[in-house]
Structure formats: structure tokens, C-alpha cells
Trainee: 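Right, I'll just put the structure down here and ask away after.
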There are 2 protein chains.
Amino acid sequence: MSSTASAPAKPRPAPPRVSLLRTRKEHAQETAQDYVEMIGELIATTGEARVTDLARRLGVTHVTVNRTIQRLRRRGLVTALPYRSIFLTDAGRQLSEESRFRHQVVADFLKSLGVPAAVAYADAEGMEHHVSRETLEAFAKHLRPGRDRAG
Amino acid sequence: MSSTASAPAKPRPAPPRVSLLRTRKEHAQETAQDYVEMIGELIATTGEARVTDLARRLGVTHVTVNRTIQRLRRRGLVTALPYRSIFLTDAGRQLSEESRFRHQVVADFLKSLGVPAAVAYADAEGMEHHVSRETLEAFAKHLRPGRDRAG
DNA sequence: TCCATGTTGTAGCAATGGCTACAATATATT
DNA sequence: AATATATTGTAGCCATTGCTACAACATGGA
Ligand SMILES: [Mn+2]
Ligand SMILES: [Mn+2]
Ligand SMILES: [Mn+2]
Ligand SMILES: [Mn+2]
């Protein structure tokens with residue numbers, strides 16, 4: 001290991017740096033965000049959110065939806081009774097609206113850069129969950145350069 | 001359900017739309033990308049990539065690193081022998097460089113929008129895995145408006 | 001009313017990605 | 001060389017997020 005030389009020495013193993021921790025925690029929240037966002041959308045467009053509809057729209061089986069809904073129930077984001085459709089709690093509705101807004105801003109921002117709409121929406125679906133408040137504001141600012149913080 | 005009226009009718013449950021499938025698949029690749037990227041970085045800066053160093057830098061325990069390395073080995077991204085340090089295969093090195101480049105472009109792009117460096121790097125850590133070729137090119141183009149595709 | 005179909009729920013499997021506790025090996029210090 | 005420390009590996013736990021197969025319930029049509 002130290003005869004012919006080829007390794008550039010070892011200037012300290014370096015302290016912890018990359019926070020995969022944050023990424024992992026975000027993953028745990030991504031599902032919740034995508035579900036409540038879709039639940040809100042279904043309620044707004046069809047009047048109710050059913051397990052089957054969610055499964056179809058999210059591209060997973062009804063089994064997966066069912067169990068996820070139970071988790072969201074435990075987290076206080078939705079209410080659901082056996083064989084009945086799904087409702088958002090106040091917290092769920094709030095998260096739903098935040099997620100929907102952020103998703104839209106990210107997608108619009110990408111489109112404004114010239115990314116094709118379909119690609120922009122697809123990318124936004126994944127990127128949205130990793131966009132901090134600061135970055136979201138930078139995106140929004142870029143979208144409306146004139147105004148600077150009015151609702 | 002149809003007496004007092006409050007639900008806006010049901011204009012079809014709508015066909016599958018959102019591709020959580022893509023998001024899931026991307027998740028499956030995130031770990032691989034983050035690991036090979038870090039392995040490449042460790043080899044470049046300290047001469048070798050050890051389990052302990054990876055654990056420290058990624059913010060997980062050495063146990064998690066160990067098992068992940070076995071998975072990467074099966075996927076042909078790294079080679080590793082018991083009690084020896086980890087090496088990248090050709091495929092691993094290529095993925096490492098691609099990931100590193102994309103990570104850097106995303107981070108630089110966010111910084112160019114005025115996002116604080118620390119936040120930009122943190123956001124990029126998660127966003128990078130969901131950035132398509134088209135979006136990456138849009139980011140890169142925004143960074144160097146003059147040049148248009150020269151290496 | 002009866003039955004077919006649609007919807008929801010449950011049982012049980014797999015892969016991923018965390019962890020603690022403990023064992024084995026390698027390296028460094030005396 | 002002997003011992004202490006650091007590193008690596010293994011056993012076994014948990015939660016999440018997928019799935020298929022099957023059971024139960026609800027609802028519309030005959
Ligand atoms: Mn969304
Ligand atoms: Mn999403
Ligand atoms: Mn990265
Ligand atoms: Mn990353």
C-alpha cells in the first residue's frame with residue numbers, strides 16, 4: 001500500500017458532509033405529499049376520492065393505496081372509514097394545497113426554461129419534493145420578475 | 001350521496017396519469033448514484049474508499065453501507081473483497097462521473113438563481129436524481145448562455 | 001330478488017434501506 | 001509479540017413500498 005506509490009496520500013477521512021439523512025426523510029414525505037395532492041385533485045374534479053381511483057391515477061395497485069391510506073390516517077392527514085371514500089383533514093388539505101402549489105411552480109419554471117411540457121411535468125413530479133422554500137421562491141421570482149412578493 | 005348536492009358530479013374517474021412509477025424507479029437509482037459518486041470522490045481525494053469513510057460521509061452506519069455495497073456489486077458498479085477497500089468498475093466510474101457532473105450543474109444552477117450555496121447543495125442532493133437530460137441541458141444552457149454545446 | 005361485477009380489505013411475499021448488538025479481522029501501539 | 005483500537009462483517013430487528021391471490025362487501029342489471 002505504500003511501496004510503488006499511486007495513492008495521493010490520505011488527508012484525513014473528512015467529517016460527515018452529505019446529508020443522505022435529509023434525502024431519506026424527504027422520501028418518507030414524498031408519498032404523503034403525492035397522495036394528499038391527488039386526493040385533493042380527485043375531490044375537486046370528481047367529488048370524491050376512492051381507493052380505486054387513486055390506484056389508477058398513481059399507477060399502483062389498490063392494495064398499496066389501501067395500506068398507504070392507513071399510514072396517512074395515523075399521521076392525521078386523512079380520515080377514512082371502511083368501504084367509504086377518503087377525506088382530507090385540515091392538515092391534509094393544507095399539505096395538499098402546498099404540494100399542489102409547489103408542484104405547479106416547479107413545472108411552470110421548467111417550462112419557462114424551454115423544457116417541453118411533458119418532460120417538465122414528469123421532472124417536477126420528482127423534483128418538487130426536494131425544493132426548499134428558498135429555491136421555490138427563486139423559481140417564483142424568476143417566473144414573475146416584476147412583482148416581488150405580493151400575493 | 002345525491003340528495004342535497006355538493007359534489008360536482010363525476011366526469012369519469014380519469015385514466016392513469018401521474019407516473020409515480022418513474023419516481024419509484026428513480027428512487028431505486030438514487031442510492032446507487034449517491035454511493036458511486038461518493039466512492040469516486042473518496043478515491044480521488046483520499047486514495048481509497050473504505051466502508052467506514054463512506055458511512056461517515058453519507059451519514060449512515062457501516063452496516064447499511066456494507067449491504068448497499070453488496071447490492072452495487074451485484075449490479076456491476078463496484079468490486080469489493082472482504083476487508084478490502086471498494087473500487088469502481090468501468091460502469092461504476094461512468095455513473096459516478098455522470099452523477100457528479102449533474103449534481104454540480106444542478107447546484108451551480110440554483111446558486112446562479114441566488115439560492116444560498118448551502119441550500120443549493122442540499123436541494124441539489126435530492127433534485128439531481130429527478131433531472132432529465134432535457135432539464136439538465138436547460139440548466140447548463142442558462143449557466144453559459146454563449147456557448148451552445150462545445151465540451 | 002338474485003347475481004354479476006366492481007370495489008375494498010386482508011394475508012402473505014419480496015426488495016430496499018434504516019438500525020443495534022455482537023463477532024471477526026486488521027492495524028497500530030507499546 | 002502482545003494487546004488495544006479500528007475496521008469490517010453478520011444476525012436479526014423494523015418500516016416502507018411494491019406485488020399476487022383471495023375474501024368480503026356493495027351495487028347495478030336482469
Ligand atoms: Mn406533486
Ligand atoms: Mn411528486
Ligand atoms: Mn449527488
Ligand atoms: Mn443525491
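Sequence lines set the chain letters: A, B, ... in the order given, protein chains first and strands last, and positions in each chain run from 1. On a predicted model such as this, the values are computed, not experimentally measured, just so you know.
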Trainee: My understanding is that only residues two or more places apart in sequence, or in another chain, count here; which of them pass side chain to side chain contact (heavy atoms under 4.5 Å, CB included) with Thr52(A)?
Mentor: Arg56(A)

Trainee: Applying side chain to side chain donor-acceptor pair (under 3.5 Å), name anything that partners Thr135(A), two or more places apart in sequence or on another chain.
Mentor: Ser132(A), Asp123(B)

Trainee: Taking side chain to side chain contact (heavy atoms under 4.5 Å, CB included) as the test, write out the residues that go with Tyr83(A), two or more places apart.
Mentor: none

Trainee: Tell me whether the side-chain N/O atoms of Asn66(A) come closer than 4.0 Å to OP1 or OP2 in dG9(C).
Mentor: yes

Trainee: To the nearest Å, give me how far apart CG (Asp53(A)) and P (dT7(C)) are.
Mentor: 8 Å

Trainee: Take the protein atom CG of Leu81(A) and the nucleotide atom C1' of dT7(C), then report the distance between them rounded to whole Å.
Mentor: 16 Å

Trainee: Please give, in whole Å, the distance from dG6(C) P to Glu48(A) CD?
Mentor: 17 Å

Trainee: Nearest to the Arg67(A) side chain among dT8(C), dC19(D), dG9(D), which nucleotide is it?
Mentor: dC19(D)

Trainee: According to a strict under-4.0 Å criterion, is Thr64(A) in side-chain N/O contact with OP1 or OP2 of dC19(D)?
Mentor: yes

Trainee: When we call it a touch if two heavy atoms are under 4.0 Å apart, what does Val63(B) touch: a base, just sugar-phosphate, or nothing?
Mentor: base

Trainee: For Asp34(B) and dG17(C), what is the distance between atoms CG and C1' respectively, to the nearest whole Å?
Mentor: 13 Å

Trainee: Let's see if you get this right: which residues in residues 72-80 of chain B place a heavy atom under 4.0 Å from DNA chain D?
Mentor: none

Trainee: Rounded at 0.5 Å granularity, tell me how far CD in Gln29(A) sits from OG in Ser99(A).
Mentor: 9.0 Å

Trainee: Any N/O pairs under 3.5 Å between the protein and nucleotides 23-28 of chain C? List them or say none.
Mentor:
{"residue": "dT25(C)", "atom": "O4'", "partner": "Tyr83(B)", "partner atom": "OH", "Å": "3.3"}

Trainee: Restricting to side chain to side chain donor-acceptor pair (under 3.5 Å), what partner residues turn up for Asp108(B), sequence neighbours left out?
Mentor: Gln104(B)

Trainee: Hey, does the side chain of Thr89(B) reach the backbone of Gly76(B) with a donor-acceptor pair shorter than 3.5 angstrom?
Mentor: yes

Trainee: Can you pull out every salt bridge (Lys or Arg N to Asp or Glu O under 4.0 Å) where at least one residue sits in residues 59-68 of chain B? Sequence neighbours excluded, please.
Mentor: none

Trainee: Does Arg93(B) have any salt bridge (Lys or Arg N to Asp or Glu O under 4.0 Å) partners at least two apart in sequence or in another chain, and if so, which?
Mentor: Asp90(B)

Trainee: Expressed in angstrom and rounded to an integer, what is the separation of Gln70(B) atom CD from dT10(D) atom P?
Mentor: 7 Å

Trainee: What's the closest nucleotide to the side chain of Arg50(A) if the choices are dT7(C), dG17(C), dC19(C)?
Mentor: dT7(C)

Trainee: Is a side-chain donor-acceptor pair under 3.5 Å present for His130(A) with Glu125(B)?
Mentor: no

Trainee: Compare side-chain N and O positions of Thr52(B) against OP1 and OP2 of dT8(D) and report whether any pair is under 4.0 Å apart.
Mentor: yes

Trainee: Going by the rule ring pair (Phe, Tyr, Trp, His ring centres under 6.0 Å), which residues pair with Phe139(B) if we only count those two or more places apart in sequence or in a different chain?
Mentor: Phe109(B)

Trainee: In chain order, what residues pass the side chain to side chain donor-acceptor pair (under 3.5 Å) check against Arg74(B), with sequence neighbours excluded?
Mentor: none

Trainee: Taking only Watson-Crick and G-U wobble pairs with both distances under 3.5 Å, what dot-bracket line describes DNA chain C, where [ ] shows pairs that cross earlier ones and | shows pairs with another strand?
Mentor: ||||||||||||||||||||||||||||||

Trainee: With a cut-off of less than 4.0 Å, is there a side-chain N or O of Thr68(B) near OP1 or OP2 of dT16(C)?
Mentor: no

Trainee: With sequence neighbours left out, write down each residue that passes side chain to side chain contact (heavy atoms under 4.5 Å, CB included) with Ala117(A), or none if nothing qualifies.
Mentor: Lys111(A)

